[in-house]
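All values below were derived from every heavy atom in this structure, side-chain atoms included, with hydrogens, water molecules and symmetry-related copies excluded. This chain uses plain numbering: 1 for the first residue, then up along the sequence. What you see is a predicted model; the values in this text were computed from it and never measured.
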Amino acid sequence: MYLSETAANAQHRDLLIVATRAPQAVVCLLSALAFHRLTAEMAHEVWIAIGLKARTPAIHVPPIRVVRLSSGPLEAGVEVHDIHGVPLRVYSAAKTVADCFKFRSKVGVDVAVSALRDGWRQKRFTMDELWHFAQICRVTSAMRPYLETLE
């Protein structure tokens, strides 16, 4: 699948390129935060999630960063956005925040906490949604102290 000229010039150009080359991958972590406007940082690579035994996509431009998830966390919270005719699979804002806590050693605790606070301030998710994805990602104990400061 090739990108149309409109899609090639779109705001999420790199995400769309990856979506066409790796249609089963899900945009995650820093790239999903940027997609949901929960960070001011622009990732230098497109972060994608794939299955534990899935083959790593052979994509060199744009650069990708792969995280592997088991089937439950991989499929939970996936939203499909149609952008210029390209189906873009990206995690919901609440799932992305939970993933940031799960992969806090890769993205940084400060990024996870900032995304949590920004998303809460922007009313992008409810406490129930956050808790649901915290349980799926098994980060309830890591997130609990930060969730208590939000209420």
Measure across [X] and [Y] and return the closest heavy-atom pair with its distance rounded to 0.1 Å.
X: P145; Y: A142; value: CD-O, 3.7 Å
X: F125; Y: L116; value: CZ-O, 3.7 Å
X: L147; Y: W131; value: CD1-CE3, 3.6 Å

Check: Shared ILVMFWY cluster between V26 and V67, side chains joined below 4.5 angstrom?
Finding: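 Yes, it is one cluster - the side chains of V26 and V67 are joined through contacts under 4.5 Å.
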
Note to self: Is there a path of hydrophobic side-chain contacts, each under 4.5 Å between heavy atoms, that joins W120 and V113?
What the structure shows: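 W120 clusters together with V113.
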
If you measure from [atom1] on [X] to [atom2] on [Y], what distance do you get to the nearest 0.5 Å?
X: L16; Y: H81; atom1: CG; atom2: NE2; answer: 11.5 Å
X: M143; Y: E148; atom1: CE; atom2: CD; answer: 11.5 Å
X: R21; Y: I64; atom1: CZ; atom2: CD1; answer: 10.0 Å
X: M127; Y: L150; atom1: CE; atom2: CG; answer: 5.0 Å
X: S70; Y: E75; atom1: OG; atom2: CD; answer: 10.5 Å
X: F133; Y: T140; atom1: CZ; atom2: OG1; answer: 15.0 Å

Going by atom type alone, with no hydrogens or angles, which donor-acceptor pairs under 3.5 Å involve a side-chain atom of residues 43-63 and a protein atom two or more places apart or on another chain?
unit_1: E45; atom_1: OE2; unit_2: R65; atom_2: NH1; d: 3.3
unit_1: T56; atom_1: OG1; unit_2: R68; atom_2: NH2; d: 2.7

Check: Can you tell me if Q122 uses its side chain to pair, donor with acceptor, with the backbone of G119 under 3.5 Å?
Finding: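 Not at all, since once roles are kept as given, no pair shorter than 3.5 Å links the two residues.
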
Check whether any side-chain heavy atom of [X] lies under 4.5 Å from a side-chain heavy atom of [Y], and answer yes or no.
X: D118; Y: T39; result: no
X: F35; Y: L30; result: no
X: V111; Y: L33; result: yes
X: V27; Y: R89; result: no
X: E79; Y: H36; result: yes
X: V80; Y: L88; result: no

Determine all donor-acceptor pairs shorter than 3.5 Å in which one atom belongs to a side chain in residues 91-105; sequence neighbours excluded.
unit_1: Y91; atom_1: OH; unit_2: L74; atom_2: O; d: 2.7
unit_1: S92; atom_1: OG; unit_2: K95; atom_2: N; d: 3.2
unit_1: K95; atom_1: NZ; unit_2: P73; atom_2: O; d: 3.1
unit_1: K95; atom_1: NZ; unit_2: D99; atom_2: OD1; d: 2.9
unit_1: K95; atom_1: NZ; unit_2: D99; atom_2: OD2; d: 2.9
unit_1: T96; atom_1: OG1; unit_2: Y91; atom_2: O; d: 3.4
unit_1: T96; atom_1: OG1; unit_2: S92; atom_2: O; d: 2.8
unit_1: K102; atom_1: NZ; unit_2: C137; atom_2: O; d: 3.4
unit_1: R104; atom_1: NH1; unit_2: F101; atom_2: O; d: 2.5

